[in-house]
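First listed ligand is number 1; within each ligand, the first listed atom is number 1. Throughout, residue positions are numbered sequentially from 1 according to the sequence presented.
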Amino acid sequence: MAEQALHEYCERLSLQPKDLSTTMWYQFIAQISQQAILQNFPKNAPLTNTRKVNYLSMEFLIGRLLGNNLMSLGVYQDAESLLAKYGQNLVDVLEQERDPSLGNGGLGRLAACYLDSMASLAQPAVGYGLHYQYGLFKQGFGSTGEQRETGDGWNRDFYLQQHHRPELQQTVGFAGEVLHCGDDRYEWQPAWTICGEAFDLPVVGYKGVQQPLRLWQGYSETAFDLAQFNDGDYLLAESKVVDASKLTKVLYPNDNHQEGKELRLMQQYFHCACSIADILREHLAKGRSLQQLPEFEVIQLNDTHPAIAIPELMRVLLDQHQLHWEDAWAICSKTFAYTNHTLLPEALEQWDQPLLAKMLPRHLIIIDRINNELYQQVKAEFSEDEFSQAWQETAVLMNNKVRMANLCVVGSFAVNGVAQIHSDLVVSDLFPAYARLFKGRFHNVTNGITPRRWIRQSNPALSQLLDQHIQGDWTKDLELLRQIEPLAKDPQFQTAYRQIKQQNKQVLAQVIQETIGLKVNENAIFDVQIKRFHEYKRQHLNLLNIIATYQELKANPAQECVPRVFIFAGKAAPGYFMAKQIIQAINGVAKVINSDPDMQGKLQVAFLPDYRVSLAEKIIPAADVSEQISLAGKEASGTGNMKLALNGAITLGTLDGANVEIAEYAGEENVVIFGHTVDSVRQLRTEGYVSKRYYEQDETLRKAIDALADGTFSDGETERFEALVNDMLHHDYFCVLADFASYRQAQQEIAKRYQNQTAWVESTILNTARLGTFSSDRSIRDYQTRIWYKA
Ligand code: HBZ
């Protein structure tokens, strides 16, 4: 059949198969794969009375789709053989696809893994997101190593994979007036509307079902009318009408930081209004009542970004369906569940009340009522002495701000954190009063990653080895990896496992050479830190150790050393000055070290630009060491840590996020843990943390920082890294200096362990064997038992 399609494709182009370019081959394979998918899309989950999951997320970092879809459809090998017949390589053809970068980092990638798992487990689900015209910016580096951003118009090349659904169009109102019509009745008259068009990307589950990722795009229904525009009354004077097509133009590039921009609030509301309307449309079309909504639908909020969906559902139930408050609230509060992904205060969303009053006046009235009802509950639960503190913590409206996390906790039947330590901190540090008020509402669901993309697709050689030694399909049941545990000491298995890592390192070495022109030592330890740049993730701690190592090797040229290649990748938010300083500093250090003949084969630093899913797929299988060095208590979970460990890298990490559980499962002897703990950080702060003291007392540290300050790594310019140096010496909120000595020792421990290759390989095999629990299939099952279908 594929041959016939190829024949037709070539005829249309008036070309012979041998004359097709790689891009044409890509187009051809994408077309036939899309036809195969659409033939029976949606291929729904078996009809049961289970709740459907509506996964609301502002980000879905899906990565390339074609290879994944071919694998899930079970036709990957067929496509490979077809191409081989014409002298083409499927891997090269798949490289033609552009990554849809519709997310910033972990949160967006988690959403993509969960869609894959839900489709693979036949959990009925729809992902709801936004169809950004430009995904996350592309990253390049300027002449002094500074980050440069350019636009990513992913969509122009991607039309093949998406399915326009004009019949699902919605209309969304903004601003305007609210009329009070007596009793509890209100009527909102928006000042203007924007249309939402739906684009479905089919999510193809592994030997499972196919269901949509539905992305909304803004457009204007009527052509822009200048006469109307000039007729001032019709429009809100100062807010102007936002050009509808601009609404979904760009993804905000911040992670773990809120900017509070009006356009972002409009995006959030647009996303929620379209999605809620779509969920209700489908529910009612099945002949079900509004009261039955929680029985058949759950709306999972991926962080607070879609929090406005709660008052939006209330508005629709109250104003459009004329329900009473109590009845509407009974439906609403049994439908929503909320996942928290951060404790960082700067990331907890708060919207200015005046902005909400202007843009979403009816929603503010509803939020105010929710707040008043909550006030009564808090009054009833807490004693007079306790009340003030409890209200300070729980109020949804406080100091002219709307606190979105609080809105989510009040409006949801379940709240979860994303790793055990994080979920515990949500209860103990963020929401203790809520935990007392809403007993049984707080849960943990540790994150997971899909083994289809992160082992099967990205590491084919390891997959083949696993296939040979494991009974049953580990791709669908990752706990089966346990079967290789007894082989960890087997010399033959060790050799095979080690050879695969070596081959993957060669592939990455080639990528490094092609992208930045650096020829790395393939026999060195590949030490990898790949993630967004943020001070709490502490890439500068890694950097200080690199500088110290460099200085040591320079001072003792004859010293024996275990060769290392330090590999970095990651973007900084364009407005995040300090993160950009760290990027520039790494590039500065890399330039000096890589061009120093004394370091040849000993020490190298490779910073690969434009980190994205497809680049991660090449780095992860080749990593020996996984840097997970955030300050304890700050990284909610991490998911890169899981991908790297499963692919046979040793975790070098703090007791933070999911590192804690990785250490438990892998066994403490198969990871390297260092640094302050949550409790000892607390103590450090109580005592009054002064970073300068560490600088003064530790000569190695002092020399490393001084070298950053004196122009050694900045072409003699002493100002270039001044801000970074000053911050470390006088502020250092994330305690980099306090953890330096312990980190350096941990790095030495890594070097020591690596020298005993037999023991090292055994450890890495045990990481693969024991970490099956970090499959996102397990996470989804946890959501099912603890949250969605909890009795
Ligand atoms: O979510 C990440 C956490 O930092 C990480 O620890 C966790 O593993 C992951 C999945 O649970 N959080 C993010 O990636 N957050 C964002 O990307 C973000 C984006 C926009 C915002 C705020 C946060 O306004």
Self-check item: Pick from H341, E635, M642: the one approaching atom 5 (C) of ligand 1 most closely through a non-hydrogen atom
Solution: E635

Practice problem: Could you walk me through whether D777 and R781 pass the salt bridge (charged side-chain N to carboxylate O under 4.0 Å, His left out) test, one step at a time? | Solution: CA-CA 6 Å; D777 296 348; R781 288 205 186 89; 5.5 Å; no

Quiz item: Is it true that E149 and K580 have a side-chain N and a carboxylate O under 4.0 angstrom from each other?
Solution: yes

Quiz item: Contact between H305 and ligand 1, counting heavy atoms under 4.0 Å?
Solution: yes

Quiz item: Hey, are R452 and D116 close enough for a salt bridge, meaning a charged N less than 4.0 Å from a carboxylate O?
Solution: yes

Self-check item: Ring-ring centroid check Y434 Y338, cutoff 6.0 Å
Solution: no

Exercise. Find all atoms of ligand 1 within a distance of less than 4.0 Å from any non-hydrogen atom belonging to E59, and give their numbers and elements.
Key: 19 (C), 20 (C)

Quiz item: In terms of residue, atom name and distance, what is the protein heavy atom nearest to atom 16 (C) of ligand 1?
Solution: D255 CB, 3.7 Å

Quiz item: Hey, is D429 close enough to R682 for a salt bridge, meaning N to O under 4.0 Å?
Solution: yes

Quiz item: For the rings on Y783 and Y789, is their centre-to-centre separation under 6.0 Å?
Solution: no

Self-check item: Short N-O contact, D610 and K138, less than 4.0 angstrom
Solution: no

Quiz prompt | Nearest-0.5 Å distance, SG of residue C274 to OH of residue Y128 | solution = 10.0 Å

Quiz prompt | Nearest-option assignment for atom 18 (C) of ligand 1, heavy atoms, candidates T304, N104, N256, L251 | solution = N256

Quiz prompt | Ligand-side contact atoms (ligand 1) for residue partner Y536, heavy atom cut-off under 4.0 Å | solution = 4 (O)

Exercise. Indicate yes or no for a side-chain donor-acceptor contact from D656 to the backbone of G633 under 3.5 Å, with no hydrogens or angles considered.
Key: yes

Quiz prompt | Contact with ligand 1 for G638, non-hydrogen, under 4.0 angstrom | solution = yes

Practice problem: Run the numbers for me: atoms of ligand 1, each under 4.0 Å from some heavy atom of R264, listed by number. | Solution: 24 (O)

Self-check item: Option whose closest heavy atom lies nearest to atom 2 (C) of ligand 1, chosen from L107, L61, N254
Solution: L107

Quiz item: At a non-hydrogen distance cut-off of under 4.0 Å, which region of Q258 contacts ligand 1 (side chain, backbone, both, or neither)?
Solution: neither

Quiz item: Is R532 in contact with ligand 1, taking contact as a heavy-atom separation below 4.0 Å?
Solution: no

Self-check item: Region of E349 that comes within reach of ligand 1 [heavy atoms, distance under 4.0 Å]
Solution: neither

Practice problem: Any atoms of ligand 1 less than 4.0 Å from a non-hydrogen atom of A636? List them with their elements. | Solution: 6 (O)

